[in-house]
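Side chains included, hydrogens not; waters and symmetry mates left out as well; all remaining heavy atoms used.
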Amino acid sequence: MNPDLENERAKATFSVERLTNMLDGGADRTKRRRQIEEIIARDPTGIFSNEENIYLHRTDRHKRALAKHVRMVEIIGNEENIYLHRTDRHKRALAKHVRMVEISRKLGIGDECGGEIVASKDFPLMLKAIADDLPTALHWVMFVPNIVSLCDEQQQAEWLPLCRDWKMIGCYAQTEIGHGSNVRALETTATFVAESQGGDRGGSWIINSPTLTSTKAWPGSLGRTANHAMVIARLIDGEGIDRGMHNFLVPLRSMKDHKLLPGVKTGDLGPKIGYNTMDNGFARFDHVKIPRRNMAMRFVIVDENGKYSKKSVTDATSKISYITMMQVRAYIVDEAGKNLAMATTITTRYSAVRRQGYSEDGGKEFQILDYKQQQHRILPLLAASYCFFFTGKKVLERLKNIEKQLVSGTGIITKTEVADIHASTSSLKSFTTTIAADGIEECRKACGGHGFLQCSGLPELFTSYLQNPTVEGDNQMLPQQVAKVLLKLVQAVKDGQDLSSYEKCDARLLIPSLQSILRKKAEQCSAASDEDLMDLDTLIKCFGHRAARLLVGVANNIQRCLSSGASMEEAWNESLIQMARMSRGYSMLVLLTEVDRGILDEFERGTLRQAEVLVLKDLARLFALSQMEKDMGDFLEDGYLSARKASWVRLNVIKLLSIIRPNAVALVDAFDFSDFRLKSVLGRFDGDVYSHLLETSRKDPLNATEPGPGYEPHLRRLFRDGAGVYTGTSSRL
């Protein structure tokens, strides 16, 4: 064990195990997770091994590069370079999925819920233990939840057992190559055909891709893995009326031999920056016929004659189709924290092990974790990962409760509440994934040159994570969704309407400041000292004012544009940049409120004691103040913070870095990432970095032979045969 890490762990002022139990959801869940991780890590088949992932394409790339050097006067293409390791990684990931199912059945995972592995509380632990991305993920993330939420009981009875037994593996096909965020513009059609007009018994749907831009593109699992897709298509009923977007279960491949079915063409889109185990695919449908009952019919019915009718439900219940999308965004928020936690674990441990720079007396080198600059780079990111944990947990709990009530018909969920959670998940998804993506890369850079190595674990973590700012709503587009919801609150406050419908909404947090701002009552930060600006309630009020002011600014700018003769479309476009800033501000308000409440809830449950509460609140303060420091202009602009109080913000950030520094390693230890999951020589628990870095180098297939795989076919021509000897001949090009 590295002595520096041992020393760091001895400094902890809190119970690491207690914090780990909180993150896992209890001591019993920690015990179960560790048990499953041990089973996966020691699986005798070797299928789950990640040791060779980083080498799968290096040797071929190196040999090809040498060939290009020797023949540099020729035109040699790069067309095949990017494909050299995709197939191996994809096949290995599929092998892991199948082995996971076998082990789950052997352990009885899913027995408590009728054999449905993905519904088991142990399933997320299994996925964590595998520590690799599976190409089947969209099956349980979106496909099965869509069947549960949008299909009627008869449809569920037919399809869910097939999903349970992994006979039917599905994906969610919404995005098209020409249309992403603008769902209303999707072009794929589902046209009803009665039995008398050539349809099957009871009527059929003809699924068609009428244009090139209607090609489904990017759905995970679509390319090579899924045999069914939940396709979002424009419904044309028996009267020829366009009824908008609906969900259709479309078979893609034979359930016997996995061959494509007639009229269906799918494939993988191609190598990506990362996440290359997943076959994000394309699909085109050439008049594919499916049964009438393959349309999701929980809330809408099309009868055998093609007559379209909606079942009687509340306005809120009609929005249940959005719940799955919002849940995915909430999962993304939660995963932002976990991915950032992995990056900060690697960088924090390495920063404790790595030494650089001597003191004046020329003694032992400094740990780079002791440099304030290094602390300022990584400790706010560590704080963010904990904050994202609390926020993701709370939002997921709220969404599960809303879905349960909407599906069962119990309780009262208003349209306002559904819109509110939509605004919250949209803003938080955009905010957290931006911070996580940028933060993982910052962690890589904070590891210096070694962070550039694949074996550091950070390059693959970063490139695999990079999809998240785009998937499920581009981060630059989502603020418009937030604005559409929150601008209604501005109008309601301005008009003096009854605001009781917002009592259960996150947007209620904006009301006090909105009322003051709209009544021209100036608000100022109440902090009388730098210590006051450490108080979480005070900080929440600061972010509440900022978010409300920016929201009113959006409303005023739209009104200003309209008054000057602009159309609503033009006014909206002119306000997009302000909307993005407002959305970030609203995210911080919601996030900080959820963190404060989440810490208190865990304390009241007895999960945490005072020592853990103190360190978690310090993390919340650091994240809040570091974000305030970055966006200081938002607080200074209208005088809410004075220049003097702004200086307290920076002072407090430095103070908190010193307060948190002794607990830094213990805080990342509390995440309890095994070395198997972390896949990083720099982030090893024992801190034995350098010997394992060199051992990893020795395992590289590029180093397997002497004089090297590129010598005989290529370098020999230079060194021995003289291919590069200058002869004095003139160029013939």
Check: [X] side chain, [Y] main-chain N or O, donor-acceptor pair, under 3.5 Å:
X    : Y    : value
S209 : F285 : yes
Y350 : A446 : no
T463 : G274 : no
N276 : K272 : yes
N227 : R253 : no
D700 : L702 : yes
H692 : D688 : yes
R354 : C447 : no
S456 : F452 : no
S221 : A226 : no

Practice task
Kindly indicate, with the supporting measurements, whether the criterion side chain to side chain contact (heavy atoms under 4.5 Å, CB included) is fulfilled by T348 and S351.
Solution key: CA-CA 5 Å; T348 301; S351 296; 5.7 Å; no
How long is the gap from [atom1] on [X] to [atom2] on [Y], to the nearest 0.5 Å?
X    : Y    : atom1 : atom2 : result
N703 : E706 : CG    : CD    : 8.0 Å
L369 : D4   : CG    : CG    : 10.0 Å
F623 : L619 : CZ    : CG    : 11.0 Å
L622 : L382 : CG    : CG    : 8.5 Å
T345 : D669 : OG1   : CG    : 8.0 Å
F431 : I435 : CZ    : CD1   : 3.5 Å

Handout entry: Step-by-step side-chain hydrogen bond (donor to acceptor under 3.5 Å, both in side chains) determination, D257 to S254
Key = CA-CA 6 Å; D257 59 13; S254 166; 3.2 Å; yes
Crowding at [atom1], [X] (>12 non-hydrogen neighbours, <6.0 Å):
X    : atom1 : result
R9   : CZ    : yes
K372 : NZ    : yes
Q367 : CD    : yes
K167 : NZ    : no

Exercise for the section: Could you tell me whether F389 and F671 have their ring centroids closer than 6.0 angstrom? Expected result: no
Problem - Centroid separation W218 to F282 less than 6.0 Å - result: no
Practice task
Please lay out, stage by stage, how R349 and E6 fare under the test salt bridge (Lys or Arg N to Asp or Glu O under 4.0 Å).
Solution key: CA-CA 11 Å; R349 285 179 180 165; E6 286 186 315; over 6 Å; no
Handout entry: Steps toward side-chain hydrogen bond (donor to acceptor under 3.5 Å, both in side chains) verdict (R284, T215)
Key = CA-CA 5 Å; R284 287 191 58 78; T215 303; 2.7 Å; yes
Exercise for the section: Decide yes or no on side-chain hydrogen bond (donor to acceptor under 3.5 Å, both in side chains) for Y371 and R377, but give the supporting numbers first. Expected result: CA-CA 10 Å; Y371 286 100; R377 295 175 81 177; over 6 Å; no
Exercise for the section: Run through I39, I103, I117, V118 and flag the one making a side chain to side chain contact (heavy atoms under 4.5 Å, CB included) with M126. Expected result: I103
Answer yes when [X] and [Y] have at least one side-chain N-carboxylate O distance shorter than 4.0 Å, and no when they do not.
X    : Y    : result
D132 : R677 : no
K216 : E176 : yes
R34  : E17  : yes
E695 : R684 : no
E442 : K445 : yes
D334 : K338 : yes

Fill in the blank from the handout: Across all chains, not counting sequence neighbours, the side-chain hydrogen bond (donor to acceptor under 3.5 Å, both in side chains) partners of R33 are D24, E37, D672
Problem - Residues forming a side-chain hydrogen bond (donor to acceptor under 3.5 Å, both in side chains) with H450, sequence neighbours excluded - result: none
Problem - Derivation of the side chain to side chain contact (heavy atoms under 4.5 Å, CB included) call for L667 and I660 - result: CA-CA 9 Å; L667 282 166; I660 293 169; 4.1 Å; yes
Practice task
Show the numbers, then the answer: is there a side chain to side chain contact (heavy atoms under 4.5 Å, CB included) between W140 and L127?
Solution key: CA-CA 12 Å; W140 59 80; L127 293 179; 3.7 Å; yes
Practice task
Could you walk me through whether D43 and R99 pass salt bridge (Lys or Arg N to Asp or Glu O under 4.0 Å), step by step?
Solution key: CA-CA 9 Å; D43 181 53; R99 184 61 179 155; 2.7 Å; yes
Practice task
Identify the two heavy atoms, one from A352 and one from L5, that lie closest to each other, and give their separation to 0.1 Å.
Solution key: CB-CD2, 4.0 Å
Problem - Nearest heavy atoms of A283 and T266, plus distance in Å - result: CB-CG2, 3.8 Å
Could you tell me whether the side chain of [Y] reaches within less than 4.5 Å of the side chain of [X], counting heavy atoms only?
X    : Y    : value
T277 : H90  : no
L678 : I346 : yes
T344 : C443 : yes
L252 : H228 : no
V328 : Y172 : no
I440 : L466 : no
Y465 : Y275 : no

Exercise for the section: Assess whether side chain to side chain contact (heavy atoms under 4.5 Å, CB included) is satisfied between D122 and R32, documenting all intermediate values. Expected result: CA-CA 8 Å; D122 284 338; R32 181 62 167 165; 2.8 Å; yes
Exercise for the section: Starting from the C-alpha separation in whole Å, work towards a yes-or-no answer on side-chain hydrogen bond (donor to acceptor under 3.5 Å, both in side chains) for K429 and N468. Expected result: CA-CA 9 Å; K429 184 270 176 183; N468 287 282; over 6 Å; no
